[in-house]
Amino acid sequence: MASRVRREERGTGPVLHLNSLFKPCPLLVALCLMVLPVSAKRENLKVITDGNWEEILAGEWMIEFFAPWCPACQQLQPVWNEFAEWGEDLGVNIAKVDVTEQPGLSGRFIITALPTIYHCKDGVFRRYQGARTKDDFLSFIDEKKWQSIEPVSSWFGPSSFMMNMMSALFKLSMFIRQCHNYLTEQVGIPVWGSYVIFALATLFSGLALGLVLVFIADFVFPSRRFSSPAYYQKKHAVEQARLLQQLEEEQEADGEEEEEDEDEYGGREEEWRRGAAAEDAVRRRAVGGEEEDT
């Protein structure tokens with residue numbers, strides 16, 4: 001009997017100990033209740049990246065472009081977070097973009113000042129340039145003041161070909177900057193050494209691109225040495241015709257020169273004959289005069 005009681009005590013002991021561990025703590029419950037509203041508020045403010053930016057092409061959006069180091073952006077963040085709480089009631093999506101982490105979007109939207117705010121309605125973008133208070137943001141959406149703003153041209157729209165190229169250029173520049181920082185800070189290469197590496201890389205990449213363009217041009221417009229035999233036959237016939245024509249022109253020119261020479265010679269001969277006849281007449285007169293005197 002005593003051993004049975006000990007077994008029961010041994011069996012119930014750990015259970016009682018675990019139950020004491022899992023007793024609800026008031027402090028823990030209070031912390032959970034404080035964290036839950038904050039996390040719910042953060043869900044109202046969406047984060048746009050290079051991977052999901054196409055989501056803003058559907059529906060209505062208000063997007064803020066900011067940088068963590070920007071003082072004006074830091075002042076706007078509390079107001080923007082409060083405005084995001086009204087997004088569901090207004091039927092508009094509130095989002096933000098960190099340009100330091102998303103350089104492609106910075107180039108795609110041509111961000112030249114921070115913070116920059118865009119309004120988007122079904123893929124049509126307009127730049128917000130009003131006051132930056134919560135009430136102004138609410139009235140801008142509720143009263144549809146965005147309709148009076150001229151939209152961004154389709155040529156400079158985020159989804160246009162030009163802006164796609166601009167986004168790729170910004171990504172490339174950020175990649176080069178990261179490589180430069182890695183070489184100078186992690187590897188320990190001096191700054192001038194990093195510049196030399198990038199200069200050589202640019203040179204060799206340009207040579208490679210030039211070779212590729214030459215191959216493409218040679219493929220599209222093949223060289224004459226790879227042409228068919230008919231091309232050479234035609235070329236030979238054209239050259240022969242050209243030579244024959246040149247010979248005929250030379251012969252005609254020579255014939256004209258000979259005719260001119262003959263004309264000149266005939267004229268001179270006639271003049272010589274006239275001169276000789278005149279001299280004979282003078283001689284005859286002189287002889288006749290002498291005979292008369294005698």
Side-chain angles (χ1 to χ4, degrees), residues 38 41-87 90 92-142 145-182 184-185:
V38 175
K41 292 179 181 179
R42 289 179 180 176
E43 291 179 356
N44 294 328
L45 186 59
K46 300 181 180 180
V47 178
I48 303 300
T49 63
D50 287 321
N52 65 351
W53 76 271
E54 293 183 351
E55 294 180 2
I56 64 179
L57 298 178
E60 188 173 4
W61 293 75
M62 286 286 286
I63 310 153
E64 176 204 11
F65 292 84
F66 74 100
W69 49 263
C70 173
C73 301
Q74 296 173 1
Q75 295 177 0
L76 181 62
Q77 287 308 309
V79 177
W80 195 254
N81 293 334
E82 293 178 1
F83 174 55
E85 298 177 8
W86 291 83
L90 296 173
V92 63
N93 299 294
I94 313 299
K96 63 179 181 178
V97 178
D98 187 352
V99 295
T100 60
E101 296 181 358
Q102 310 298 328
L105 293 179
S106 178
R108 190 180 295 276
F109 287 86
I110 315 180
I111 303 303
T112 57
L114 294 174
T116 298
I117 300 174
Y118 272 95
H119 173 270
C120 178
K121 177 68 173 179
D122 297 329
V124 179
F125 291 85
R126 294 174 173 85
R127 187 167 182 173
Y128 177 83
Q129 296 179 348
R132 297 173 180 179
T133 63
K134 184 183 72 172
D135 294 335
D136 291 316
F137 292 146
L138 294 175
S139 63
F140 181 78
I141 298 298
D142 189 28
K145 294 181 180 180
W146 49 268
Q147 293 180 350
S148 60
I149 300 176
E150 184 178 359
V152 177
S153 173
S154 59
W155 289 96
F156 298 98
S159 58
S160 64
F161 175 78
M162 186 181 300
M163 292 301 102
N164 285 328
M165 295 297 101
M166 187 68 69
S167 175
L169 182 61
F170 271 65
K171 289 180 181 179
L172 178 61
S173 63
M174 183 59 67
F175 174 75
I176 293 174
R177 181 179 179 182
Q178 292 175 355
C179 292
H180 174 73
N181 294 335
Y182 175 78
T184 55
E185 297 176 2

Q: Just to verify, what does Tyr128 make a ring-ring contact (aromatic ring centres under 6.0 Å, His included) with, not counting sequence neighbours?
A: Phe137, Phe140
Q: Using the test side-chain hydrogen bond (donor to acceptor under 3.5 Å, both in side chains), find all partners of Asn181 that sit at least two apart in sequence or belong to another chain.
A: none
Q: Listed by chain and number, what are the side chain to side chain contact (heavy atoms under 4.5 Å, CB included) partners of Met162, not counting sequence neighbours?
A: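 Per chain and number, Met162 pairs via side chain to side chain contact (heavy atoms under 4.5 Å, CB included) with Phe156, Ser160.
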Q: Which residues pass the side-chain hydrogen bond (donor to acceptor under 3.5 Å, both in side chains) test with Asp136, not counting sequence neighbours?
A: Thr133
Q: With side-chain hydrogen bond (donor to acceptor under 3.5 Å, both in side chains) as the rule and sequence neighbours excluded, what pairs involving residues 62-76 come up?
A: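 Matches after skipping sequence neighbours: Glu64-Gln77.
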Q: Mind checking side chain to side chain contact (heavy atoms under 4.5 Å, CB included) for Ala58 and listing every partner two or more places apart, or none if nothing turns up?
A: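 So Ala58 forms no side chain to side chain contact (heavy atoms under 4.5 Å, CB included) with any residue.
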Q: Could you list the residues that satisfy salt bridge (Lys or Arg N to Asp or Glu O under 4.0 Å) with Lys145, not counting sequence neighbours?
A: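 Only Glu143 meet the salt bridge (Lys or Arg N to Asp or Glu O under 4.0 Å) criterion with Lys145.
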Q: Apply side-chain hydrogen bond (donor to acceptor under 3.5 Å, both in side chains) to Thr184 and list each qualifying residue two or more places apart in sequence or on a separate chain.
A: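 side-chain hydrogen bond (donor to acceptor under 3.5 Å, both in side chains) check on Thr184 returns nothing, list empty.
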Q: Holding to side chain to side chain contact (heavy atoms under 4.5 Å, CB included), I want the full list of residues that pass it with Asn93, two or more places apart in sequence or in another chain.
A: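 Here the qualifying residues are Lys46, Trp61.
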Q: Return all side-chain donor-acceptor pairs below 3.5 angstrom for residues 94-101, not counting sequence neighbours, or 'none' if the list is empty.
A:
residue	atom	partner	partner atom	Å
Asp98	OD1	Thr100	N	3.1
Asp98	OD1	Thr100	OG1	2.6
Asp98	OD2	Thr100	OG1	3.2

Q: Could you check Asp50 against Arg108 for side chain to side chain contact (heavy atoms under 4.5 Å, CB included), going step by step and ending with a plain yes or no?
A: CA-CA 10 Å; Asp50 287 321; Arg108 190 180 295 276; 5.6 Å; no
Q: Quick one: do Ile111 and Tyr118 satisfy side chain to side chain contact (heavy atoms under 4.5 Å, CB included)? Show the steps, please.
A: CA-CA 10 Å; Ile111 303 303; Tyr118 272 95; 4.0 Å; yes
